Protein chains: 2
Amino acid sequence: MALDRDHVLRSAAALLTRKSTATMDEVAKAAGISRATLHRHFAGRDALVRALEALGIAECEAALEAARLDEGPAAEAVRRLVRAIEPAAGLLAFLYTENQLFEGDGQNQGWTRIDDRLTALFRRGQESGEFRIDLTPAWLTEALYGLLASGAWAVAEGRVAANDFTYMIVELLLGGARRTDTPRRKES
Amino acid sequence: MALDRDHVLRSAAALLTRKSTATMDEVAKAAGISRATLHRHFAGRDALVRALEALGIAECEAALEAARLDEGPAAEAVRRLVRAIEPAAGLLAFLYTENQLFEGDGQNQGWTRIDDRLTALFRRGQESGEFRIDLTPAWLTEALYGLLASGAWAVAEGRVAANDFTYMIVELLLGGARRTDTPRRKES
DNA sequence: CCGCATTGAGACATCAGTGTCTCATTCGGG
DNA sequence: CCCGAATGAGACACTGATGTCTCAATGCGG
């Protein structure tokens, strides 16, 4: 039952990542169950989306833990973070755009906690002198979300190779497009 | 009439930018006309969205023209471009996410043209030695879209000051978060 | 083998949004 | 001033999705 629920949740995530307007029928079919059973797990579409949000938050926090944001150079922590969060990027992209709809009304405070930890990471990088100080931590956090979503879509549509996902995002976020005097090492 | 249509289109853009699921009623009300009149201008919701897409494409191409992408350093061209496209960023964000739904089926070829010109700009920067070559032009183009959308939302929700929009996007896209040995000039 | 629980299939009512229509009103140019 | 075009208000039918319900079939443990 609990396992079932998790399986349903994950296939729903996979489907809605691709087609964010998918029907309850489609979600049920994707999970290999009937619509009736789907309704037995999740009271309705809202409940499903909220469960997906909880899943996304949980995966984010797991990635935050796995990346050990406090250890070592902030840049390396960012790289570990993106690598850890990559499998959830599609779900994140879905939730990121979905959240643009719930304008104003109380957003899940789980996101706030995650935002805080990301912001703290970027601030740590600034205070250690690794990161420039003219880009606010809030903006860097927002940009990270945006790049994760763009990356997930670009990969989904074949415009970027799946293998390059982490590298492309991390390098752009940290190093930007401009070529610097001291070339950076290419690390896959 | 033609003026009317344009006014309707622009208020629809402004509304849908904020609430992408707004009803035809709401769109009509936002434009200060009745739903009947709205239907006289646009056959249906699809037609409205397609018209908005055309508007977005037109504004993008106008910005591409205004930015004179072929002139001067590619980095400066990017800066001019973002500055020129800033007013349309909200509409772009709407269309960008909207397009994730039209999965596969023929997307407007206007976007292809715009993509090509952006890609060409980044490639020019690479060939002139300004930009690094390990980030593909296709990814830089995608990332630009993502950052424009993130920026528009961040500004809309007050997480980033509207004045910083262009600077934040351009600096992150070109320079990244990492601090370089030779500090860059801050240009507002 | 039996009984209980879960499931799938489908019927059903409901609801929101849409698209079409009518009709009275308003507005502007001739 | 008057006529025609455009508009607003609203009624209407239709569609698609949703949520609820029933019932038969399946399956599993005792």
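On a predicted model such as this, the values are computed, not experimentally measured, just so you know. Order of the sequence lines fixes the chain letters, A, B, ..., with proteins taken first and strands second; residue numbering starts at 1 for each chain.
- Rounded to an integer number of Å, the gap from CG of A:Leu38 to P of D:dT18 is 10 Å.
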Below 3.5 Å, can you tabulate the donor-acceptor pairs from side chains in residues 85-93 of chain B to any protein atom, sequence neighbours excluded?
unit_1  : atom_1 : unit_2   : atom_2 : d
B:Glu86 : OE1    : B:Thr166 : OG1    : 2.7

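- In this structure, B:Arg5 places its CZ atom 15 Å from P of D:dA6, rounding to the nearest Å.
- Summarising the geometry, the separation between NE2 on B:His7 and P on D:dA6 is reported as 19 Å, rounded to the nearest angstrom.
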Nucleotides 12-21 of chain C: protein proximity per nucleotide (B base, S sugar-phosphate only, - neither; heavy atom, under 4.0 Å): -----SBBB-
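- The side chain to side chain contact (heavy atoms under 4.5 Å, CB included) search around B:Glu65 returns B:Arg117, not counting sequence neighbours.
- The salt bridge (Lys or Arg N to Asp or Glu O under 4.0 Å) pairs that include a residue from residues 151-163 of chain B are A:Glu142-B:Arg159, B:Glu157-B:Arg159, where partners are two or more places apart or lie in different chains.
- Residue B:Thr37 places at least one side-chain N or O closer than 4.0 Å to OP1 or OP2 of D:dG8.
- Each ring pair (Phe, Tyr, Trp, His ring centres under 6.0 Å) pair with one or both residues in residues 48-70 of chain B, not counting sequence neighbours, would appear here, but there are none.
- For residues 47-58 of chain B, there are no salt bridge (Lys or Arg N to Asp or Glu O under 4.0 Å) pairs, not counting sequence neighbours.
- Listed here is the closest heavy atom pair of B:Glu130 and B:Ala74: OE1-N, 2.6 Å.
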